[in-house]
Each structure stands twice: as structure tokens, then as C-alpha cells.
Amino acid sequence: MADHPITPRATDYAQWYQDVIAQAELAEAAEVVKGCMVVRPHGWAIWEKMQADLDRRFKETGHQNAAFPLLIPQSFISKEAQHVEGFSPELAVVTHAGGKELEEPYVIRPTSETIIGHFFAKWIQSHRDLPLLINQWANVMRWELRTRMFLRTGEFWWQEGHTAHATHGECQEEVVRMLDVYRDFCREVMAMPVIRGIKTANERFAGALETRTIEGLMQDGKALQCGTSHDLGQNFGKAFDVMFQNTAGEREYVWQTSWGVSTRLIGALIMTHSDDEGLVCPPRLAPIHVAIVPIYKTDEERASVIECARRVATELRADGLTVKVDEREGMKPGAKYYEWERKGVPLRLEIGPRDVAANTCMAKRRIAGVDEKGKPMKETLGLDDIGVGVGRILDEFQALLLQRAKERQAKSIISVDNWGDFEVAFAGNDSRFVLAHWDGTTATELAIKEATKATIRCLPYDGDVPGFPNLVEPGRCVKTGAPSTQRVLFAKNY
RNA sequence: CGGGGUGUGGCUCAGCUUGGUAGAGCGCUGCGUUCGGGACGCAGAGGUCGUAGGUUCAAAUCCUAUCACCCCGACCA
């Protein structure tokens with residue numbers, strides 16, 4: 001075994017995360033732009049796959065895409081009291097343009113509730129204009145003191161849904177619906193189980209009545225907020241005068257929502273599935289599904305093997321798969337194997353002279369056991385119906401990843417009833433999903449964070465936590481002993 | 001903004017204490033031999049030593065200033 005370019009997870013999880021990103025060529029630090037990142041082609045390809053699937057789901061639920069300005073008049077941010085308080089510290093502001101100082105500075109959008117509120121006010125007159133269901137794919141900027149690739153950077157890419165409704169009831173339905181879209185996407189496409197829940201007042205979006213979240217469990221036991229959905233009530237409607245005339249002829253403020261997921265999901269993908277060999281990518285998000293490595297010694301062998309590999313690639317592409325035939329010379333097959341494994345290609349096919357003669361190939365899954373000699377398990381596939389064999393393997397691989405993630409999640413969730421056990425669960429650098437009673441006060445929430453670094457990730461939907469079907473039950477706060485009505489989810493988080 | 005650290009070929013770093021005019025490994029280019037789990041040989045290309053001053057016959061090395069980045073803390077809809 002040659003040098004291992006990736007730090008093992010057990011040695012240093014944070015370094016492992018950075019190494020996977022570098023070795024899989026997903027992204028790198030922008031270096032000349034503080035706190036920002038360059039998303040490299042292989043990383044962006046994963047985001048494009050995420051976008052394509054999410055966009056289809058948004059359209060299916062009746063939403064339309066639009067685009068709003070990157071720059072927002074500074075005064076807009078100030079119009080909603082909580083919004084300005086939440087975002088002011090992390091705004092980047094444009095004060096000059098065209099060689100002159102601007103009369104009013106612009107902020108680079110940290111999120112678009114305000115500018116969209118302004119235009120919604122123009123677009124909405126009547127109850128017949130509602131609901132208005134808009135989505136925007138965009139980049140946003142939040143000046144962060146401490147950044148982590150994909151998880152928290154100055155600039156990031158996301159989608160933000162913005163909707164306006166005639167009643168609070170419709171607005172609440174939308175918030176629930178879109179959180180479920182995210183949950184389904186995470187499970188079906190990312191092979192990642194998440195827990196739906198409601199944020200505490202302390203963790204709520206600045207300007208929202210209620211924030212819902214999906215929380216993912218990373219391999220090191222920490223939680224990652226993977227998506228959010230906000231009931232904005234009439235807060236932005238009032239701030240931007242977004243009104244409609246109802247059927248009785250009265251003017252009312254609209255009820256609004258916003259919801260988003262971002263390139264942070266790529267971080268979630270890495271920390272959910274990947275291993276010490278590099279990126280592991282579920283087939284439904286893999287930029288390359290199959291890498292074919294030709295094996296040969298002589299020129300004649302090379303010609304026949306490559307001809308065969310290209311033929312297989314063409315056949316698989318007809319099934320809608322992305323296939324790479326690695327024809328690079330001067331590189332031994334083993335080196336190619338490691339490279340494609342680092343990059344998270346789910347399946348590799350090896351085709352050599354013996355395979356050409358037998359009309360077969362060797363298939364190696366990205367996650368495979370080892371045989372009695374310690375060599376990776378491979379299987380032989382016939383070339384006559386290669387599409388069938390490859391399709392089956394990719395389906396099995398997608399299912400395997402979800403199953404593994406679910407098992408890991410199940411093992412990491414515990415229920416705790418006393419402070420001693422709670423502290424043990426978060427001792428040192430440890431984290432997990434801990435279900436415990438909480439007295440409902442922000443003071444206690446902050447005291448627990450101060451003592452253990454663990455925060456309340458959400459008040460989970462009852463029944464959404466595997467193995468713990470009844471979270472709504474009377475109990476005593478794990479910290480203060482005060483009465484509590486339900487268990488909440490604690491974890492350290494990214 | 002506190003505390004600590006680092007800036008030297010594309011990357012990782014040595015050299016600095018004790019000044020003498022820049023090195024290694026990897027990567028890259030070319031040729032040849034290799035090729036079923038990370039190849040090897042030979043020949044090459046590539047560096048204003050973060051920046052600006054200062055000391056000196058002479059500075060990557062000593063002094064001053066400054067900038068950038070990293071780690072820990074504070075902060076993080």
C-alpha cells in the first residue's frame with residue numbers, strides 16, 4: 001500500500017473532511033477572497049444533480065423559478081426588526097459604484113426576503129393573485145468569522161423558495177409540504193435519513209414566526225442542519241406592504257413562507273457516506289456512474305480492449321448513465337482504480353484481454369468487502385446484458401448507502417433522563433443525537449450549550465425519530481428538573 | 001477582537017540559531033521499458049524566498065513595519 005493521501009477519520013475527522021474534498025477535487029479555498037470557495041467541476045456536477053432533482057420537485061408542487069437582484073438597498077434589510085438584528089453582523093456592503101459613492105449603499109444579498117417582499121407588493125393586488133409560488137436559484141453572501149468548506153463559507157449557492165398566501169393555514173401547509181420535499185429528496189436521492197422538527201425560538205430564522213428544519217446525523221455524531229422552511233407570518237407583508245383584497249373586499253396582509261437548501265448538502269453528503277478511501281457518492285448524485293479501466297500489455301491488446309470498453313460505454317450511456325473510459329497511458333491500472341475511488345465513482349469495470357476473449361468484465365463496487373487474501377471483492381459480469389448487471393448494482397448500491405446511514409443513525413440516538421448521563425453523552429469531542437426533556441426556556445437552552453456545547457437541534461415531529469415513537473410525554477427537564485411536555489433533540493452541530 | 005502559528009518551484013516542506021548569492025520529495029514535460037490494486041530509468045522545465053523599508057562588502061537568514069493565511073476562543077438565519 002502506497003502513501004495514503006487521506007487522513008483516516010479516526011485520526012482527525014476535520015482533516016479527513018478537508019482531504020476528501022481536496023482529493024475528490026470537489027472544491028478549494030478561494031485563497032484570494034477571504035472565506036470564499038471555488039467549487040471545482042466535480043463538486044459542481046454534484047450540485048447540478050441536486051439542482052435538477054430538486055427543481056423537478058419544486059415544479060411538481062406548483063412553483064415557478066424567477067431571479068431577483070444580487071444587490072439589495074440597505075434600507076430594505078432594516079424594515080423588519082428581527083431580520084436586521086439577525087443579519088446586520090454578516091452583511092457585505094457595496095458603497096461605491098461607477099467611480100462614485102452611492103447615495104444609498106447596497107448590501108449583497110444574504111437572503112432575499114426583503115427584495116422579494118418589495119416586488120411581491122407590486123405583483124399582488126387580489127386574492128386571485130394568490131398563492132404566489134416562487135423559487136430562485138442563487139448565490140448569497142454572509143460574512144462569517146469562521147468558515148468550513150461547503151458547511152459555512154462567505155459565499156454559497158442555494159435555492160430560496162418564497163411564497164405568499166391568503167391565509168395563515170395555507171402558509172403553514174406550504175411550510176410543511178416543502179420540508180417534506182426536502183426530507184424525501186435527502187432520503188431518495190442522497191440516501192440520507194433526516195429528522196424533521198421545529199426550531200426553538202433561539203434558533204429561529206430572523207423574522208420568522210416558526211422555523212422547521214431537517215437535521216442530518218454526520219459520522220462523528222454531530223448534527224447538520226440540512227434544510228429549513230420558515231413560516232414568516234405577516235412580518236414581511238407588513239414591512240413591505242404586501243397586501244391583497246379578499247373576497248369580502250377587505251385589504252389584508254399576505255402570509256408568507258421561505259425555504260431553502262444549499263451547497264451545504266454536499267458537506268452532508270461527504271460526512272454521511274464517505275470513507276477513508278475518499279468520496280462515496282450515491283448513484284443518483286454521482287457525476288460519473290461507471291469508470292471503465294482497460295487493461296493491456298501489447299498494442300494489439302490495447303486496441304481490442306479499448307474497442308470493447310468503448311462499446312460497453314456506448315451501451316451503458318444508452319441507459320442514461322455517465323460513463324468514463326479511462327484511456328490514459330503511462331498510468332498503471334491500480335493508480336486509476338484509486339483515483340476513481342477517491343472521486344466517489346460508484347462502480348468500476350475492468351476490461352482486459354481475458355475479458356474480451358470471454359465476453360465479460362470485472363466489476364468493483366465503491367464499497368466492497370475483501371476476500372480471504374485481503375483483496376477487494378469483485379464480480380464478473382457478462383457483456384451481453386451489461387446494462388442489466390450494471391443497473392442492478394447501482395440500484396443495490398443506492399439502497400445500501402441508505403441502509404448503512406439509517407443503521408448508523410439508529411445506533412447514535414439515545415434517550416437520556418438525568419444530567420450526569422447527558423454530560424457523558426457530550427463529553428470531550430463526543431456527540432450523538434440525545435433525546436431529553438427540556439423546560440422550554442431559552443435560558444436553560446443556553447445554559448446547556450454553555451455546559452456541554454450541545455444545542456437543541458429541533459423539537460422533532462412525533463414519530464419521526466426511529467426507535468422513539470412517543471416523544472410527546474410529560475417529564476422533567478434534564479437540566480433544571482422543571483416540568484416538560486416533550487423530549488427534544490440535542491446534539492453538537494456544524 | 002484576544003492567544004498561538006505559518007508565509008521558500010504547482011504541492012508538502014528543509015535551509016534561518018552561527019548572513020556568503022537556494023535545496024529535497026511529490027507533481028509537471030520528453031523518450032524508453034512497464035501495465036489484472038498506487039511502476040521504473042534517463043533527460044529536462046520551473047523560485048523577485050509574502051510585501052516594504054533598514055543594518056551589512058554581502059540578507060531566505062538579523063532588525064522594523066505591514067499584509068495574507070491557518071489553529072484555539074468569541075460569533076454563526
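Lettering follows sequence order; numbering is per chain, from 1.
- Using Watson-Crick or G-U wobble geometry with both donor-acceptor distances under 3.5 Å, B:G2 finds its partner in B:C72.
- Residue A:Arg146 places at least one side-chain N or O under 4.0 Å from the OP1 or OP2 atom of B:C72.
- Here A:Lys336 lies out of heavy-atom contact (under 4.0 Å) with every strand.
- Side-chain contact check for A:Asn202 and A:Thr200: no donor-acceptor pair (N or O, by modelled atom type) lies under 3.5 Å.
- As judged by a 4.0 angstrom heavy-atom cut-off over every strand, A:Phe236 is placed among residues making no nucleic acid contact.
- Pairing for B:C62 is with B:G54, a Watson-Crick or G-U wobble pair whose two hydrogen-bonding atom distances lie under 3.5 Å.
- Across the P atoms, B:A22 and B:A60 are found 9 Å apart, a figure rounded to whole Å.
- Using a 4.0 Å heavy-atom cutoff across all strands shown, A:Gly86 reaches no nucleic acid atom at all.
- Geometrically, A:Arg196 does not engage A:Tyr461 in a cation-pi contact defined by less than 6.0 Å to the ring centre and at most 45° from the axis.
- Checking B:G37 for Watson-Crick or G-U wobble geometry (two distances, each under 3.5 Å) identifies no partner in any strand.
- Taking 4.0 angstrom as the limit, A:Lys34 places a side-chain polar atom (N or O) nearer than this to OP1 or OP2 of B:C69.
- The aromatic rings of A:Phe156 and A:Trp158 stand perpendicular to each other, their planes meeting at an angle above 60°, with 30° marking the opposite boundary.
- At a threshold of 4.0 angstrom between heavy atoms, the contacts of A:Glu341 include nucleobase atoms, whether or not backbone atoms are also involved.
- OP1 and OP2 of B:G37 both lie 4.0 Å or more from every side-chain N or O belonging to A:Arg348.
- Following rounding to the nearest Å, A:Asp326 (CG) and B:G37 (P) show an atom-to-atom distance of 15 Å.
- In this entry B:G44 has B:C28 as its Watson-Crick or G-U wobble partner, both defining distances falling under 3.5 Å.
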